[in-house]
There are 2 protein chains.
Amino acid sequence: MTDRRIKRSNRALLDASFQVLLHNPHASLSEIANQAGVGRATLYRHFPTRENLLAAIAIESLEIVEQATAKRLRCELRETSAIEQLVSALLPLADRFHFLQMMWTDIELDAEVCALYEQQMAALERWITAGQRNGVLSEQLQPQWIVAMLDSMLYSASWLISTHALSPKEAEQQLLIGLLNGISGHKPTG
Amino acid sequence: MTDRRIKRSNRALLDASFQVLLHNPHASLSEIANQAGVGRATLYRHFPTRENLLAAIAIESLEIVEQATAKRLRCELRETSAIEQLVSALLPLADRFHFLQMMWTDIELDAEVCALYEQQMAALERWITAGQRNGVLSEQLQPQWIVAMLDSMLYSASWLISTHALSPKEAEQQLLIGLLNGISGHKPTG
DNA sequence: ATTTAATGAGACGCTATTGTATCATAAAGT
DNA sequence: ACTTTATGATACAATAGCGTCTCATTAAAT
């Protein structure tokens with residue numbers, strides 16, 4: 001019933017377009033098709049319009065993130081190690097965050113993208129609020145600000161990794177210290 | 001000697017293009033010229049190419065940032081309040097950071113842009129390194145990571161302000177707490 | 001008042017990209 | 001083996017944006 005070629009082309013296109021657009025947001029659909037090893041016509045058969053393609057990548061990205069976080073977010077946040085684990089799980093996906101942020105202007109009009117995004121944001125905010133109740137997270141900060149910090153620091157980490165300023169290991173370490181303790185010198189040790 | 005009209009058109013173009021591109025990165029030069037209340041031909045007389053225009057905005061943005069920070073960065077970082085003052089000075093310029101980040105792919109090829117950028121980054125890193133020596137900033141973190149955190153959190157703040165999720169005042173407060181102390185609950189108070 | 005030159009309006013050619021349509025081929029399903 | 005259909009190649013029309021040029025107008029400089 002379902003032709004294997006469809007799935008194969010679809011994968012090749014989603015993978016290639018993600019990689020190509022990540023490094024050149026202005027890339028034409030021809031370039032993308034070439035990089036995917038697929039005819040331009042085939043690209044249009046799978047994704048009728050450019051917006052459509054971008055939305056598809058965004059949705060896949062959001063689903064990947066969801067898959068990596070869903071289990072962790074389901075159980076209540078009780079100790080700091082859970083945050084460390086979340087960051088560890090999310091950091092390898094920083095490219096996806098990068099893409100979503102970079103293309104936000106183009107994809108924010110898509111209903112499914114928005115729905116997924118808001119859904120995940122809501123889940124994350126609930127998790128964080130629980131963490132605040134449990135004393136793991138500061139109650140001085142608003143949940144949405146903590147979400148924003150997490151998001152933007154993942155982006156920073158991926159940036160520094162991609163420019164080889166930091167190794168992935170270093171980046172993760174720095175991110176956790178900075179996120180959890182801030183940048184202040186250790187005055188609490190007084 | 002110098003015709004006032006030149007300066008006036010130039011200002012109108014720089015201001016309008018910054019605002020327009022901030023909200024629609026794909027805006028055409030026609031739209032920009034319209035918004036500036038200037039003919040399209042005039043735009044081309046001032047900025048021969050699109051890249052040229054983008055670079056000009058970037059350079060102006062970097063100069064604005066430099067003007068706002070130079071004095072503060074010149075005197076050594078000795079106490080936390082200096083950081084708070086830097087953030088206060090920088091937060092109103094978050095739109096400029098936003099622009100630079102959003103257009104980075106398009107402007108990173110310009111020599112002057114790169115020079116200004118690296119120069120400011122270097123100054124900031126020196127300031128931070130001094131702050132670490134003085135015990136104001138954590139020595140566990142690499143200067144470039146602290147820079148990245150500052151940058152990305154300014155971006156986050158401007159985002160939340162622009163979406164009306166946080167008021168400017170709230171955003172500044174949350175930013176400072178998060179940046180200096182991190183998101184952890186107060187375990188040091190034990 | 002006269003000269004200078006920046007501007008606005010518009011026409012023009014050019015290129016790149018988009019999206020559609022066609023048709024032979026070859027791979028997959030039965 | 002036979003049928004179905006996804007694909008690749010190609011041609012095509014349509015659009016949009018870019019960059020150049022011209023010329024009358026009008027503001028500014030002297």
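First the proteins, then the strands, lettered A, B, ... as listed; each starts at 1.
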Asker: To the nearest angstrom, how far is N34(A) atom CG from dT10(D) atom P?
Answerer: 12 Å
Asker: What integer distance in Å separates L54(A):CG from dT18(C):C1'?
Answerer: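 Distance, rounded to whole Å: 13 Å.
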Asker: Check whether any side-chain nitrogen or oxygen of H46(B) sits under 4.0 Å from OP1 or OP2 of dT7(C), and answer yes or no.
Answerer: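 So the side-chain polar atoms of H46(B) do come within 4.0 Å of the phosphate oxygens OP1 or OP2 of dT7(C), strictly under.
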Asker: Would you mind reading off the distance between H26(B) atom NE2 and dA16(C) atom P, rounded to a whole angstrom?
Answerer: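 Going from NE2 in H26(B) over to P in dA16(C) covers 20 Å.
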Asker: Taking OH from Y44(A) and P from dT10(D), how many angstroms apart are they, rounded to a whole number?
Answerer: 17 Å
Asker: Counting distance alone, no hydrogens or angles: does the base of dA28(C) have a donor or acceptor under 3.5 Å from a partner atom on the side chain of R4(A)?
Answerer: no
Asker: With W127(A) as reference, evaluate I83(A), V147(A), I146(A) under the side-chain contact (heavy atoms from CB on, under 4.5 Å) test and give the passing residue.
Answerer: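 Single pass found, and it is I83(A).
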Asker: Between dA28(D) and R5(B), counting only base atoms on the nucleotide and side-chain atoms on the residue, is there a donor-acceptor pair under 3.5 Å?
Answerer: no
Asker: Give a yes or no on whether E108(B) atom CD has more than 12 heavy-atom contacts from other residues, nucleotides or ligands under 6.0 Å away.
Answerer: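 Yes, CD of E108(B) has more than 12 neighbouring heavy atoms, counting only those of other groups under 6.0 Å.
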Asker: Rounded to the nearest Å, what distance is computed from the CD1 atom of residue I32(B) to the P atom of nucleotide dG17(D)?
Answerer: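 In whole Å, dG17(D) P lies 11 Å from I32(B) CD1.
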Asker: Establish, with yes or no, whether the OP1 or OP2 oxygen of dA16(C) is under 4.0 angstrom from a side-chain nitrogen or oxygen of S28(A).
Answerer: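 For dA16(C), OP1/OP2 do not have a side-chain N/O of S28(A) under 4.0 Å.
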Asker: For I6(A) and dT7(D), give me the distance from atom CD1 to atom C1', rounded to whole Å.
Answerer: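 Atom-to-atom, I6(A) to dT7(D), this comes out as 11 Å.
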Asker: What is the distance, to the nearest angstrom, from the CZ atom on R40(B) to the P atom on dA6(C)?
Answerer: 20 Å
Asker: To the nearest Å, how far apart are N52(B) CG and dG19(D) P?
Answerer: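 Going from CG in N52(B) over to P in dG19(D) covers 10 Å.
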Asker: Taking the nucleotide of DNA chain D with the closest heavy atom to each, which residue, V38(A) or L29(B), is nearer the 5' end?
Answerer: V38(A)
Asker: Hey, is the side chain of T42(A) poking within less than 4.0 Å of OP1 or OP2 on dG8(D), counting only N and O atoms?
Answerer: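 Yes, because at least one side-chain N or O of T42(A) sits under 4.0 Å from OP1 or OP2 of dG8(D).
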Asker: Does a nitrogen or oxygen in the side chain of T49(B) sit under 4.0 Å from OP1 or OP2 of dG19(D)?
Answerer: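 Checking T49(B) against dG19(D): at least one side-chain N or O falls below 4.0 Å of OP1 or OP2.
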Asker: Spell out yes or no: do the side chain of R45(A) and the base of dG19(C) have one donor N/O and one acceptor N/O closer than 3.5 Å?
Answerer: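 No pair found.
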Asker: Between S9(A) and dT7(D), is there a contact of a side-chain N or O with OP1 or OP2 at under 4.0 Å?
Answerer: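 For S9(A), the contact criterion (side-chain N or O under 4.0 Å from OP1 or OP2 of dT7(D)) is met.
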Asker: Which residue is it: E66(A), R96(A), M103(A)? I am looking for the one with a side-chain contact (heavy atoms from CB on, under 4.5 Å) to S61(A).
Answerer: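 Single pass found, and it is R96(A).
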Asker: Using a cut-off of 6.0 Å, state whether more than 12 heavy atoms not belonging to E112(A) lie near its atom CD.
Answerer: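 No, CD of E112(A) has 12 or fewer neighbouring heavy atoms, counting only those of other groups under 6.0 Å.
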Asker: Will you find, in the side chains of E79(A) and S81(A), an N or O donor that is under 3.5 Å from an N or O acceptor?
Answerer: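 Yes, a side-chain donor-acceptor pair sits under 3.5 Å.
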Asker: With a 3.5 Å cut-off and heavy atoms only, can you find an N or O donor on one side and an acceptor on the other between the side chain of R50(A) and the base of dG19(C)?
Answerer: no
